[in-house]
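Notes follow the structure.
Quantities reported herein were computed from a predicted structural model and do not represent experimental measurements. First listed ligand is number 1; within each ligand, the first listed atom is number 1.
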Amino acid sequence: MLQTGRRCFSVLARCQPIATSSARAYSTEKAQKMEKKEIFELDGRQYTPDALYNLSPAVRRLLDRRILQETSNPLNLLKRRVVDYVHQTYRKPGNRSPLFTICESEPRVVTTYQNFDSLLTPEDHVSRRPSDTYYVNREHCLRAHTSAHQHTLMKQGLDVFLVIGDVYRRDEVDRTHYPCFHQIEGVRLYTRDELLGKKSDASENAAELFTVTRDASRIPEKQETHSLDAVKAAEIQLKQFLESLCDELFGRDADKRWVDAYFPFTHPSWELEVFYNGQWLEVLGCGIMEQKLLESAGVTDKIGWAFGIGLERIAMVLYGIPDIRLFWSKDTGFLSQFAGKQPGEDVKYKQISAHPQVIFDISFFLPDSTEFNDMTSDVYDTIRTIGGELVEQVKLTDEFENKKKAKKSQTYRIVYRSHEKALTKEEVNVIHKQIEQSLSTTYGVVLR
Ligand code: DAH
């Protein structure tokens with residue numbers, strides 16, 4: 001859901017269940033035609049592919065990229081912004097350490113139990129189709145959402161955590177869809193005391209997590225075993241957490257609205273929409289976790305909430321990135337706009353040109369008794385004044401001092417690129433020479 005209406009876990013109503021057997025037959029045939037590997041290895045684990053294997057070479061390449069770890073990728077910037085905010089805002093008692101554990105290196109191949117069954121995804125749900133999910137074999141697939149780790153992490157004993165990572169769904173590629181995208185999952189479990197306050201002698205009638213009536217049934221407001229008090233308290237906590245996170249990202253003035261939703265693993269469930277740049281944008285799904293999921297992970301005395309956020313969607317809006325494919329760009333014209341930025345900084349992406357770059361270096365000795373720092377801003381200014389619109393990037397790439405000769409040298413790399421046409425080396429050279437000329441006459445540098 002967080003990418004599109006088509007490939008979601010929430011839209012049971014919109015997507016028709018299909019007969020899984022026919023889909024399997026189709027994909028088996030296709031899988032056999034694909035190059036088959038004896039062993040499939042990912043994140044240090046090995047799997048044996050079977051007839052269901054349907055990872056294309058293109059998706060194998062995406063698995064190797066890890067763009068979320070690249071510090072100049074906007075997704076990395078956004079991830080750090082969310083994590084920094086959550087760490088600063090939610091602390092363990094005593095304030096010394098962050099409350100949320102960050103899980104960023106879960107294996108990306110998961111079992112079908114983790115991806116679907118543990119989350120109570122119906123047997124005939126569309127998301128299980130081999131045309132929707134990348135299967136390694138009958139029991140293993142690439143995680144299609146970070147929710148796939150909820151069960152395992154709770155079983156390991158974690159009560160409060162964020163899971164961050166790349167997820168994979170089979171889909172067409174266009175401006176807003178890509179087979180790989182990124183999510184942040186949040187889970188928080190509460191004991192009775194944590195959610196509803198400590199019981200004192202005076203408050204013997206204080207609320208409980210679970211209902212005492214035996215014939216409790218599921219209603220729109222709550223699950224069978226939950227008490228209405230506990231669910232309301234958890235809902236308030238959840239919505240407060242997510243609303244303030246959105247305030248942090250989109251600013252306090254952005255309008256928000258809660259919409260009822262459906263997910264197999266939460267009830268009740270909601271989506272949060274934010275009004276931004278003239279339209280309502282669905283930014284996350286969340287809800288009160290199904291108690292059956294907690295129980296299967298061995299948690300019997302707590303209730304919890306969970307949410308999932310799609311990072312691309314938010315980053316496209318926040319940074320004004322018009323096409324999801326840009327996140328995968330290796331073009332320095334794109335990456336340099338995010339490199340070195342602080343997570344809290346406002347960054348607006350400026351469209352890069354489709355024409356090729358022409359790269360020239362400039363190296364010179366500084367005038368005697370000039371410090372390295374003295375020159376840099378003047379050099380940047382001169383390059384931009386003369387190169388104008390044709391200068392896409394300027395970077396100081398090298399500095400050294402020859403102590404014996406008392407000479408300091410600097411090298412700047414200039415990336416030229418036009419929005420109108422492909423530049424030739426010859427025409428760039430004319431401008432480059434003018435820059436060199438100007439630097440030597442104005443500042444007395446000696447070109448090397
Ligand atoms: N896994 C859902 C998806 O990818 C997003 C989601 C919704 C995660 C609700 C949650 C949740 O943890 O409670 O579409």
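- Checked against the 6.0 Å centroid criterion, the rings of Phe40 and His140 do not qualify as a close aromatic pair.
- Proximity to Gly287 (heavy-atom distance under 4.0 Å) selects the following atoms of ligand 1: 13 (O).
- In plain terms, the two heavy atoms of Arg175 and Pro322 that are nearest each other are NH1-O, 2.6 Å.
- For the residue pair Gln291 / His226, a side-chain donor-acceptor distance below 3.5 Å is found, with atom types taken as modelled.
- Residue contacts with ligand 1 for Ser147 involve side-chain atoms from C-beta outward but no N, CA, C or O (heavy atoms, distance under 4.0 Å).
- Residue contact check for ligand 1: Arg143 places no non-hydrogen atom closer than 4.0 Å to it.
- Formation of a donor-acceptor pair under 3.5 Å by the His145 side chain with backbone atoms of Asn115 is found in this model.
- In summary, the side chains of Thr152 and Glu106 do not present any donor paired with an acceptor at a separation below 3.5 Å, with no hydrogens or angles considered.
- Within the 4.0 Å heavy-atom criterion, the part of Gln150 lying near ligand 1 is the side chain and not the backbone.
- Taking any N or O of Gly285, backbone or side chain, none lies under 3.5 Å from an N or O belonging to ligand 1.
- Only the side chain of Arg169 comes within 4.0 Å of ligand 1, counting heavy atoms alone; its backbone N, CA, C and O stay farther away.
- Of all the heavy atoms of Trp305, none lies under 4.0 Å from any atom of ligand 1, so neither backbone nor side chain is involved.
- Residue-ligand proximity, Cys286 to ligand 1, at heavy-atom distances under 4.0 Å covers atoms 9 (C), 11 (C), 13 (O).
- In this structure, a donor-acceptor pair under 3.5 Å is absent between the side chains of Ser353 and Glu392.
- Taking the six-membered ring where the residue is Trp, Trp328 and Tyr178 present parallel rings, their angle staying beneath 30° rather than reaching 60°.
- Listed by number with element, the atoms of ligand 1 under 4.0 Å from a non-hydrogen atom of Thr266 are 13 (O).
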